[in-house]
Amino acid sequence: MAPRAIALVDCNNFYVSCERVFRPDLEGVPVGVLSNNDGCFVARSSELKALGVKMGQPLFEVKDLVRRHRVRVFSSNYVLYGDMSQRVTECLRGFTPALENYSIDESFLDLSGFHGRDLSAYASEIRSTVKMWTGIPTCIGIASSKTLAKLANHAAKKSLMGEGGVCDLTHEGDREQVLHMVPVEEVWGIGRRSAEKLNMLGVKTAADLRSMDPRQARKLLTVVGERLVYELRGVACLPLDLAPQPVKGTAVTRSFGEPVKTWEPMREAVASYASRAAEKLRGQGAHGLAAESLQVFMHTSPFRSGPSYANAATVELQPPTNDSFALIAAATAAAKRIWREGFQFSKAGVVLSGLVPVERVQPDLLQAADRQRGSRLMAAMDAVNARMGRDTLRSAATMGRAWRMRQESRSPSYTTRLTDVPVVRA
DNA sequence: TCTGGGGTCCTAGGACCC
DNA sequence: TCTGGGGTCCTAGGACCC
């Protein structure tokens, strides 16, 4: 059997690149995209990285630097990024149908059938096509396992093996070289805690981890660590997920734009999150999913002094449902149970679990007519909102404003809102 | 005093990812 | 003044059953 060849295509500084597609004047200057609430940096252009701004760094810590270097700062525009992501994925599907869409900016491609051809040249062709069709720059790493493909991608990004944005580690010599160059904490699946443990044992590089006794890796890092050792040896343990699996749970959680001190804005926020969570459920799978269980949590800021409080309450939903009004009612009741006066709440959330396809939900004869009416109403609401924009139609319970998040510099919805589409004059 | 053993299911919490 | 959000997988430990 021919060895496997897996390519990882990763978009460079994805959110920044999305903003640049519609703003060519942003090329060559420092650009950053902020998390929800304009809290911290979640994407940085290479120029911003060079200025020393770290991933996840709070904006307020680098205010001066941002002003001095005229850093272009954007609030996150997930509707735009989601749409651009789909375009990139569609473009990649033109090269192989065997594709796993791993995250908003990454896909694994099975190129096993292309062995014999020059994989690097093929990858370069993929890169230039994606750039031409979508405007998004990418890097591509190729190897015989997912973990090695990740490593190859890292090498491509850092130009560890020549320039050109492509790194092919299917040949042993190149692979050895890169394994010795990459510190163990850069390996996919090794986080801070695991890196600390490994370093104590003198395991410093990806090559060290590769050479570890798999049983020892398992003792130290559970089966995850053992698998990693094999993956680094080129033995693929992580299959490509060609068909997206249904999600097992879904959540809508937000920090507030300003602290919430009274029940009314908390009630509105929780109702609004429940409503959004219900929409997400209805959009999943062929006919939507229903939740068996709903949890609400709220807490004060972990970063501020003053009285602190954190709590959560869970409600079983019988029968399972994705009806906005049912979820709003359940979430509001749960929130009421854990609500306490006298605190400054910084965040709350609604978490849904036990997700089942709606068609598998046992119909309850007594309520069947009611529920059918409900699902027709939900479908009508979703249709209007899809056409006219999110929240055109929503429950009155979600109307408040005080708790909403800060978004001071969001770019237009260039690709999804007709009034925001760029106009070309020729 | 002594008071089994083994299976399953569920949940909470840790670690990691993007 | 100002510190993201939404997922996954794994394990340990408790409840429960025979």
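Chain letters run A, B, ... following the sequence lines, proteins first and then strands; every chain starts at 1. On a predicted model such as this, the values are computed, not experimentally measured, just so you know.
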message: Counting only side-chain heavy atoms from C-beta out, which of dC10(C), dG4(C), dC16(B) sits nearest to R193(A)?
response: dC16(B)
- request: Pick the C1' atom in dG4(B) and in dC16(C), then give their distance to the nearest Å.
  value: 16 Å
- request: Check the distance between dC17(B)'s P and H154(A)'s NE2 and give it to me in whole angstrom.
  value: 13 Å
query: Out of dG6(C), dG4(C), dC9(C), which has the shortest distance to the side chain of K280(A)?
result: dG6(C)
- prompt: If we call it a pair only when both distances are under 3.5 Å in a Watson-Crick or G-U wobble match, what pairs with dC18(C)?
  reply: dG5(B)
Contact under 4.0 Å: R304(A) side-chain N or O vs dT1(C) OP1/OP2: no
Candidate nucleotides dG6(C), dC2(C), dC17(B), ranked by approach to the side chain of Y102(A) - the nearest: dC17(B)
Student check: side-chain heavy atoms of V184(A) and T205(A) closer than 4.5 Å: no
statement: With the side chain defined as heavy atoms from C-beta on, V223(A) is closest, among dG7(C), dC10(C), dC18(B), to dC10(C)
- prompt: Measuring from L355(A):CG to K248(A):NZ, what's the distance to the nearest 0.5 Å?
  reply: 11.0 Å
task: Please state whether the phosphate of dG6(C), meaning OP1 or OP2, lies under 4.0 angstrom from any side-chain nitrogen or oxygen of T250(A).
output: no
query: dT3(B) and dC17(C): how far apart are their P atoms, nearest whole angstrom?
result: 24 Å
field: Under-4.0 Å side-chain N/O to phosphate OP1/OP2 contact, S255(A) with dG5(C)
entry: yes
- prompt: Relative to the ring of F114(A), is the ring of Y122(A) parallel (under 30°), tilted (30 to 60°) or perpendicular (over 60°)?
  reply: parallel
message: From CG of L228(A) over to C1' of dA15(B), roughly how many Å is that when rounded to an integer?
response: 13 Å
Passing candidate, side chain to side chain contact (heavy atoms under 4.5 Å, CB included) with F74(A), options R410(A), E19(A), Q407(A), E408(A): E19(A)
message: Starting the side chain at C-beta, find the nucleotide from dC17(B), dT8(C), dG4(C) nearest to W188(A).
response: dC17(B)
statement: Taken to the nearest whole Å, CG/N13(A) to P/dC18(B) is 14 Å
